[in-house]
Each structure stands twice: as C-alpha cells, then as structure tokens.
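These notes concern the structure reproduced below.
In listed order, ligands and their atoms are each counted from 1. Just so we're clear, the structure is a prediction, and the values are computed from it rather than from any experiment. The basis for the numbers below is simple: all heavy atoms, side chains too, and nothing from hydrogens, waters or symmetry mates. Nothing fancy with the numbering, it's 1 onward along the sequence.
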Amino acid sequence: MAQEQFTDVAVIALPLKTKFRGLRTRELVIFRGRERWAEFSPFVEYPDTEAKTWLQAALSWANEPLPKLERSAIRVNATLPAVGPEQVPQLLANFGRFGSVKIKVAEAGQDLAQDLVRIRCVREIYPEVKIRIDANGGYSVADAMRLAHALGDSELEYMEQPVATIGELVGLRGELSKAGLAIKIAADESIRKAEDPLLVAREGAADIAVLKVQPLGGIKRALEIAASSGLEIVVSSALESSIGLSQGLHLAGALPQLNYDCGLATAKLLVADVTDVPLMAHDGVMAIRELEPSAELVEKYRASGEREAWWKARLQRCLELLES
Ligand SMILES: [Mg+2]
C-alpha cells in the first residue's frame, strides 16, 4: 500500500447520547487518502475477515474519484433506539421535522409488548410520519406476525430484517401474504453480512435492500449490488461519524432511483463528532458534501492509548488481508 493512500491515522472514541446496539461509545478510525478523509469503523466484535471489507470501502473513498451524483440532497428518516416511552418525545424532538422514523425493536431483554408501546407512543405524537421498524433479525416469524397483526398494514412502511435468516424472511413473506397484510420487508444483515449479498433477491426474501457502504466494500460495489438485485434501495449508515456518513450520502446520491428516506441522519445519536459542521438533517433532508475533520475535536476525542493500539493492529491485519 503506497503511503500516500493512508496518512494521518487517528483513533477516535465518540460518546453516544443513549445506548445504541448495546454501545455507549462509538470507536472509529479516520485517515487521509489522496482524495479525501475516510472512516474505517467496523464494530469491535466483527472478525477481520468481515472488517477488511470496511477497510476496502474506506480506502476507495479516500483515494478514488467519485461517481456522478443524480441528486444533491437526500431525504432521511429519524431513528429511535429501543427506549421506554418516557424517552420518546425528547429523543425524536432532537431530529426536528422528519417524514419517517425508524424504530428499533426486538432489543435483547425486552418483549413485543414494549415494542408495541414504543411504536404506539411515536404514532400518538407524530400521527403523520411513516413508521418503519428494525428488529436486527431479533424476532421469530411468529413474533413478527403478532406485531404485523397488532399494527395492521397501513401502520408500517416496512419491517427491516424482522427475522434473522433468508429462509425465515421467505417464510414471513408467505405468512404476511396469506394473512392479507401488505407489509414490505427490507433486508439488512441478510445482505451486508452474507457471503452473497444478492441471495436475498434471488430467493425472493425481501422487497427492499438496505445498503450500507462500508460493509459492502464501497460505493462502486454497492451500486453494482443495487443494480443486480432489482430491489428498491434504502441507504443506511453504520453509526459512523460525519466522515463515514459523507460516503453513505454519496452512495444515496449516485443511485439511479431512490424511493425511500435513507437512514443517514445518525450523527444526531452522537454527543460529539469529528467535525465542527456535522452532517445533520434539516427538516428531514441532508445535503451531500465532503468534509474534513477538526484537529481540535480529533484531539479531544482521541481514544486511549490501549484502544489506539488495538485499532491500529486491526487496521494492519485487515490491510494485510486485502493485499494477500
Ligand atoms: Mg438495520
């Protein structure tokens, strides 16, 4: 790897406003390439064989020319973690105006009744917004059907990864159709964690593909998957800093067609960012732009020496995997 593809490496630990994905702090690496700053931020539990694809995405963003944009701004959803109803008003007020909200459900240690309380609480405060849920594969087919029956099909824009496997997704779609419930299914983990991201489409397991640019290896690869899948597309973030989000925004901007709000307004979930002008939504819309980190913020949120050593070793191992 030529040195100029990869300079000014900094390991950052950004605090989160509320626990998300079981995390209170989001650790990530930023570095400067020939063209722009990039972020490498696979979640810490991911093995190197998975994390290396995230590095491939970061390296291509940092060093390659970008595809042509079809639009200059992206409509985005608000995101609500799996909190109790008492936290819902404040967390959502934080997003300002928005047309759709993704509600996290099926959190470990919680039950379906708590999910329904959270969803109904959102509906009461925001009668007009579109609601999509994300279970991260945490429901059984039976639970997903219970939720679908309890809410009815006019209430949900779609269910994101309600169940874990492609087989269960296919099964759930069959059950929904038998019950006469027209609820769309979006696949997330079944695409980004699969050896073959197109299997979901071939098996008829989803209506919508949630594409995340880092786990898919970069914008070019994600655009190829979008085209080959024939599915409708939602671009989502992986809880990145604004540096990582700018890459996701570019993917959303480069897609030939975009029918849904994207899940890129996640900088709101962070207490701090690496830039003074974070990529935030204004009235549910995000402008596409590139950005540079603030030296002051990088210093302020630099990870501990121990975490820095861990990330640099991981980066090195992933680099070797990519080069071998
Ligand atoms: Mg998801």
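Between Y158 and Y260, the ring planes lie perpendicular to each other; the angle is over 60°, past the 30° to 60° tilted range.
For E124 and R120, the salt-bridge test fails: no basic side-chain N is under 4.0 Å from an acidic carboxylate O.
In E160, the N, O or S atom that comes nearest to the Mg ion (ligand 1) is OE2. When the Mg ion (ligand 1) is compared with the N/O/S atoms of D134, atom OD2 turns out nearest. The N, O or S atom of D188 lying closest to the Mg ion (ligand 1) is OD2.
With no hydrogens or angles considered, no side-chain donor-acceptor pair links K130 and N77 at under 3.5 Å.
For the pair R26 and F43, the cation-pi test (distance below 6.0 Å, angle within 45°) is passed.
Note on E189: not counted as a metal contact of the Mg ion (ligand 1), no N/O/S atom lying under 2.8 Å.
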